[in-house]
Each structure stands twice: as structure tokens, then as C-alpha cells.
Amino acid sequence: MLRYTIRRLIQLVGVVLVLSLLLFAWLRALPGGPVSALLGERSTPESREALTKQLGLDQPIFVQYFKFLGRALSGDFGVSTGVQPGDAALDIFLQRFPATLELSFLAIVIAIAVGIPLGYMAAKRRGGWFDNISVGGSLLGVAVPVFFLAYVLKDVLSSALGLPTEGRQDAIDATRVTGFFVLDGVITQEWDAALNALEHLILPAIALATIPFAVVFRITRAAVLDVLDEDFVRTAESKGLTAPTIRRRHVLRNAMLPVVTTIGLQTGALLAGAVLTEKVFSFAGVGQALAIGFERRDYPVLLLLIIMATIVYVVVNLLVDLSYALIDPRIRTR
Amino acid sequence: MPLLEVRDLTVVFERKGEKPFTAVDHVSFDVEPGQTVGLVGESGCGKSVTSLAIMGLLPRRGARVSGSVQYEGVNLLSLSDREMRDRRGRDLGMVFQDPLSSLNPVIPIGVQVTEVLERHQGMPRKKAMLEAAELLDKVGIPDPTRRLTEYPHQLSGGMRQRALIAIALACRPRLLIADEPTTALDVTIQAQILALLKELVRDLGTALVMITHDLGVVAGLCDEVNVLYGGRVVEKAHRHDLFAAPRHPYTHGLLASIPRLDAPRGEKLNPIRGSVADNIPWAEGCAFAPRCPNKLDVCVQVTPEQEDIGAGRLLRCHNPVQPPVSEEVSV
Amino acid sequence: MVTPTRKKDRIDKLAEAGSDAGVSLAASAWRTLRRSPVFLTGAVIIGLFVLVSLLSPWLAPHDPSDPMLIDQVIKARNQIPAVQDGHPLGGDLQGRDFFSRLLIGSQQTLIVGVLATLIGLAGGLTLGTLAGALGGWVDSVVMRLVDVMLSLPSLLLAFSISAMFARPNQYTVIVAVAVVQIPVFARLLRGSMLAQRSSDHVLAATALGVKPGAIVFRHMLPNSLGPVIVQSTLVLATAIIDAAALSFLGLGNPDDRIPEWGQMLGDVQNVFDTHPQLAFWPAGCIIVVALGFTLMGETLREALDPKSRR
């Protein structure tokens, strides 16, 4: 298990190196290069040359890459040019990451809390109206563009439910501890601040949850259908166990194996979805920074955030694989 | 009074858009307390469906069960789902064919044994664990305390089947149904498991319904034998009578198709021709007629009725095999 | 003596035996699909979509780039022209006929979906076939590359690729949406090839000395078609939705003279609350078409999966 973890982490380092090299090369390959990107339309030959020298762009690309790596190791990923001009890219990430984490966490909780029970019920009523409607609904969930749904929630549902549609928290006096606004409110016992932050999370989290929900639902349904056909469920019935025991211990326990993997893979959809959702709700997270970064071509920020997104995605999937061993003894005891 | 009285048990599978399929057709048999009764036949003859119907394990949708299954005077088919759950595992135990797939792969063997004790005898977890260890010991699993914490994939095939037997017998049911319990096992292990079953039912006084396609199993274990064909009992007899003088051509064929080591070299095997038909044509004549060497014209016109031919034997045949004259018939 | 021709005949027979299963599976899948209301719903939706998009130049009453109603927009101070004679859905904020734009938009949407899928498929086919058929170090290198691509969430990768282009246009959108599908197709084909490399009919063909190229193209590829068709159908839906997301982030095609649904939807984000109908029509079209492709893809998958009972 330990060796497996270490091997995966080494692989991750490799992936990050290759990816950073690719991204780095891409930055340099841009039409006009980063100098044009930085100076925009107003560049003069003189100012271009000065900046080229200043950025060390007259050196060979590998030298530049290793210099970049050296700086990156000391935490210097360059300075934002578009998202928060003048701020260090790393600061932007650190400051915004808790927001996205909070949002994604709530979204995945919603997806699991709704998707798994619904998937189980649909499987138990296979072919019935409940099954057909929920399967249809989950297919629809995948077909709706996330940002469109976010706008519909924002414009239609928010007034009906009286929920806020912009930002992470109203301008109230709240103490900052961890950067997770809801958690901060709980720690400092500023309950109104926690509640306010939570209210700001609800609509974007629902929008963000649709795709993982649809996938969790369908995988749960398929897995439960498979497990219900298994011999050991019949054995459990032959023991006269109560229906809740069979459901919990024999059916769901086994059906969870593929679902857990799926949840790991859905982190990817969450990260991409966060870019769209956070933009709609002006939610100051990593996703919004990426959205602005793409729009304004803020390459230092994009480079760092994309690498970070990759690391998060790979690490989450590693954690999922490890937790897999916890539920499946066939892997643990091998 | 018999422990189990199965009367006219009929199971019809109905699927939307398909013709209803009668898997079990008016099957009747008795099981006395402590007796071992065999249900024998090829796959598809309805023997497994019979056992699932007795246990109340057929899907509620799609399977129509009629007739009666009296267990100690109570018709199991008329019980509610909850009443039946109370009886399964407590009054009736069941052992299935494939021991690997019949055990839950992700929870320890111990829990799979104790959960049935906790459910029916209200035992606290600790006491149930001790009892479970004793049970595993009784079914011949060495080092039972350690095995309790292990998972099914860590046990050998024979050990798994022993564990399943321990689970089925945990609450000392008066009736055990074993559905092809040795088919998925190696030949050497098969003999061990059969010996174990035989010993356990004798010691505990449990009645056993043994479902098998293997006449060797019947020979070693059963008191009474019911031979099923196409969802109906075609011959019923005591084990000795059946082996000494099979009367139904199908039974005769089953016995003749067993390869014998002491047969002269070059002698051909005698398989039964053809295979079990998908839909059961008992409506017009005898279902076995298309494969029967003794077929007469009447066999394809008139459905044979079940007749009592004495010595506790029942037979459903127009033109039975004549018993060998030179040999003693009943033992 | 066994002449080469006779040997070939024998192999062909063997291969036929192997793909016989494939043919009967396809036949039985078709029988299932023909009676499946879900599949037929999807097929009707997609059939209509393709028909409309092919005929749209003749169906559209007006030029989609002609600001013929601009006077009304100006007079009403940035209100969209109402529904009126000859303009069944009114106009947009540039005074162009909205109904014509939706019709013509279907054509561009189809082009984006189909081209993106074809490019993704071609790339994946090349990589996956190389990896799966040759194995060894080729397999390792290709699969490492695929893994790096897969370790970035796909939509995020599409965003990043789009941002590479200083001036996005119709084709950069297609490329961005297509490239992220390459690793998926590559994995799929490699998996299928690997499974077949150890299957009986391929082993038999190898044992009889058939050239590797012939084995790959005549025996292995045709048998991988099922999963590829299913995936392609699903990618058609994803591509259209992803293209909309690109436009929404300002990474889409800025030239809106020839409209595309994703672009129409992504471009109206700033007026969503004041003119929701400008978003609802293209969004509705995207949802219906994506649903159509998904319904077809999912039912195809079920029908082609021999294990599937659902």
C-alpha cells in the first residue's frame, strides 16, 4: 500500500513536470510571445526589446524553463497581469483556493446525498415510472450547459428562495481564520457570518452539483442493479435478514465500489464546472480567477492554476484509490 | 406428521410480451423430520425453482406460485413477507451452489455468520462471535477464531462451502435445503462436503432436501428420491429401490449414462438423447416422449398420470422399464 | 502443399468465425434498438436536427447577418424587436432575424459537433491503434502521453487549448473541443485491441502467419467499432455543450455573422436577465440535440453490451 502510494506520487511529479514544460512551451509559442501578451496593442519595438531582456526571453528555452522551475520551487510563479494585476500568482491561488474547495465540497455532498439514494430507489423499481423519470432527468442533467443552468438558478430561483447571487459573503464583520468562510464562522462562533456564507454557497453549489449528481445517480443505479442479481444477496435473503440490513450491509456496501471511483473522477468535472459557475455567481474562487485569466490571457496565473488543478485532480484520485482499499478487502489483503 | 408437505406446487414465470413459462408443475412430496430427500434432474427441470419457491425467494414480480407448502402445518406460501423473513434462517436454512459468489466479498466471514444469530436469536455480538467460532469448528474449519476475521477470498472453495453450511445451520433449522452444494467444487472436496452434510444432519436431526443432478450424491445421502422432468415428478422411490430397479425410462437413462470404471473396454456410454425442451409440453402427452426409447403412440397423445405402484413408489409413465426379474427388487 | 492463397482462405474463415459473433451481436442490437422507444426518440430528434441543418439555407427566411430590424432596436432603446410578421421569433439586439439565426445556427452546430468528433476519433484511432496493436515501448510512450492529457480535467484542457490561440475563430473552437477527446478514444481503442490481441481468432491468424498490418486492419479494428460508435455519439453531445462553454468564457468564435448555438448562448450572458429569450432558444436547441445524441448513445451502449440486461 505504502509502496503503491509512493509510486503514484512519483508519477504525479512526472506528470506535473511534463505538463509544466508543455504549458511553458505553449506560453513561449504564443503569437508574439508573452511580451505582446503583456504589452498588448500599445507595444513599440523598444519597449518589446526591453521587456524581452527583462524577462530573460532572449535566452534558450531550456535555460528559461529551468530558471522558471527554480523560481517556482521558491514559490515565485510570476505576477498576475489580468486577474489581480500586480499580485503574485501564488497569493491569488492561496487566497482563492479555500473558496473553491468549500463550493466543490458542498456540490459533491449534494450530488452524493441526492444521487445515491435516488440511484438505489430507481434500481429497486427498475422499469417503473420512478426509474424512468429519474433516468430521464439524469440524462437531461448532462445535456444542460452548466452555465445556462447557473443563470436560470440565479435569475429564477434566487428571488423565489431569497438567496444571494453574488460573491461569497455580504459585507459583514467576520473574523478570518482559515479562509473557509463557513468554517471560520463556526470556529469563531459568529453564526450569522457562517450562515451568510452558506447562503451564498447554495445556488452555485446546486448548479455545480448537476453533472456529478447525474453521474453518481447513474453509476449507483447500475451498480445496485448488478449487486441485486448477485448470489450473496440471495444468501442474505435466505438468512431471513431484515430489509434494511440487506440494503445497508449487502447491497449498498458492494454497490459503493464503482461509485467511489466515479466520485474521484468527477473532481475533474467539478474543477471545470467551477470555472463556469463561479463566473456566473461572481464567486471569488480559483474558478473565477481562471475564467478572468482566460478572458484576459493572464498567463502566469493560468500556468499556476492549471498545474494546481492537475495536482488536485490527481491527488484526489489517489486518495479515492486508497479509500477504495478500505471498502474492498480483496484489494487491501492482497 | 411430515415436517414439510409440498402439494401441487406450481411456479409460472410471466414476462410482458412473452408466453408464460411453467417451470414447476404440480410438484408434491413430503419430508419427514430428520429425513433426507433428493430432488434429481437435469438443469432446467425445475428443481432449483422448487427450492426457491419453498424458501419464498422467488421474485414477487414475474413469478406466480400456487399450491401449498406446509411446514409444521403452516402454509408458507400464505405467510406475509415479514413472517417469512422470521422463518428463513431460523426454521429453514439453505446452502447454494457457488460458495464464492454466495458469500458477500466485502464483509468478514464472522459477520456473515453472526448476523443470522443476532437476527433470529437476539444474541449480542460478542456471544454470537463465540458461537460462530464454535460453528466453524463444527463444520471442520481449522483455526476458526482467525477465520472469523477473514474475507471470503482468503478461504479455499471447500472452506467457503463449509462456512456457508455453518451459516445455514447456525440457528439449528429443522429443515435444510442444499441446492447442488458440491457442483462448483473439486471432486475430492465434494466427497468431504457430502460427508460433512451427512454427519451434521444426523447429529442435529435436521431434515435435508438435497437438490442435485448427480445420482452419485443421491446414492450416498438420500433416503427418498424424487426424479423431476420438465417441472413434474416422474418417479419417486426409496433410494435402494430406485437404484436396483428404475422404472421410468428417464431414471433408467440417468443411471445408464453414468460412466462405470468396471465397464468392459470399448463399451459405449449411454447418454440420453436430446436435451430438455424449453417449454414444457406436458399438455399433449409425456414431456419425455421425444427422447424416450420406450415411446408408444399413447405417449404423445395422453398425458400420463402419477400412479402408486406400491412399496411407496410413484411413477408417471405409460410404458415403464420392466424390473429385472432375476434380482431382488426391494431391499 | 499449402499455397499462400489457400492459407489465406483458411484465415479468412477463422476470422469470420471470430467476427461472426460481432455480426450477430450487431444484428440483435439492431433488433433491440428498432423496438426501443428511447432510441427512436433520440433518432427522430437527431434526424430532424440533421435535416434542418442541411436545409437551413433554404428554410431560413432571412440572411442571419442582416441587421434588418436595427431601427426598431434603436427606437426602443436597446429592446429586442418583438415577434412580428415575417419574424416568428422577433430579432436580436443587432436587429437580425432571430428565427433565421437559429436555423442557420443548427448547421454550424452540426459542423462543430461532427468535425470535433472526427478529429478526436482520427487522433485517438492513430494513437490507440499504434499502442494497442504494437504494444511494447510504443504502447508505453503513447499511453504516458495519454495519461498526462487525461490527468487534466477535459473541459479545463479545452479551455487551455483555446486560450493558446491569440485570436480564436471557428476552427480553434473545433480543435480545442476535439483534442480533449483524443486520449479518450485512444484508451478505448487500445483497450479493445489489447483484449483482442489475446483472443482466439487473432491468435489463430497470427499463428497462421498473417501480416500484423492485415490483422490490425482486417480483424481487430472492425471488432472495436461498437464501443467507438457509442463513444462518438456521446462525444457529439459533449462537443456541442463544450463549444457553448468556450463561447461563454470568451474563448469562442468572436465573428457572429454566421451563428452557432453555443456561441449564441455564450454571447448573451450580459443580457441574460433582461432578454432571457435570447438565451432560452439556443439553450433549448442545444439541450434537445444533446439529449438526442445521449439517448442514442446510451441505448446503443446497452444494446451492444452483451452483459447488459437493462
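Per chain, numbering begins at 1; letters A, B, ... match sequence-line order.
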* Structure fact -> From the list A:K279, A:Q11, A:K154, the residue making the most non-hydrogen contacts under 4.5 Å with chain C is A:K279
* Residue among C:L145, C:L291, C:I287 with most heavy-atom pairs under 4.5 Å to chain A -> C:I287
* Asked: C:F159 and side-chain contact (heavy atoms from CB on, under 4.5 Å): which partner among A:L302, A:L276, A:I306?
  -> A:L276
* **Residue part contacting chain A, namely of C:L249, when any heavy atom lies under 4.5 Å** => both
* Under a 4.5 Å heavy-atom cut-off, does chain C meet the side chain of A:F294, its backbone, both or neither? -> both
* Side-chain contact test, heavy atoms from C-beta onward, threshold under 4.5 Å: evaluate it for C:F272 versus A:F147 and give yes or no. => no
* To do: Please assess C:E298 against A:L139 for the test side-chain contact (heavy atoms from CB on, under 4.5 Å), listing each intermediate value before the final yes or no.
  => CA-CA 9 Å; C:E298 293 293 333; A:L139 291 177; 4.0 Å; yes
* **Residue pair A:P145 / C:L265, side-chain heavy-atom distance below 4.5 Å** => yes
* To do: With a 4.5 angstrom heavy-atom cut-off, could you sort out which part of C:A237 is near chain A: side chain, backbone, both or neither?
  => neither
* Of the listed residues (A:G268, A:A291, A:G127), which shares the most heavy-atom pairs with chain C below a 4.5 Å separation? -> A:G268
* Asked: Is the gap between the ring centers of A:F148 and C:F280 under 6.0 Å?
  -> yes
* Pairs of heavy atoms under 4.5 Å with chain C: top-ranked of A:V18, A:V275, A:L19 -> A:V275
* To do: Find the one option among A:V152, A:V312, A:N132 whose heavy-atom pairs under 4.5 Å with chain C are most numerous.
  => A:V152
* Side chains of C:L156 and A:L290: closer than 4.5 Å at any heavy-atom pair? -> yes
* To do: Heavy-atom distances under 4.5 Å only: say whether A:V314 touches chain C with side chain, backbone, both or neither.
  => side chain
* **Structural part of A:V146 lying under 4.5 Å from a heavy atom of chain C** => neither
* chain A contact via C:S160 - which portion, at a heavy-atom distance below 4.5 Å -> both
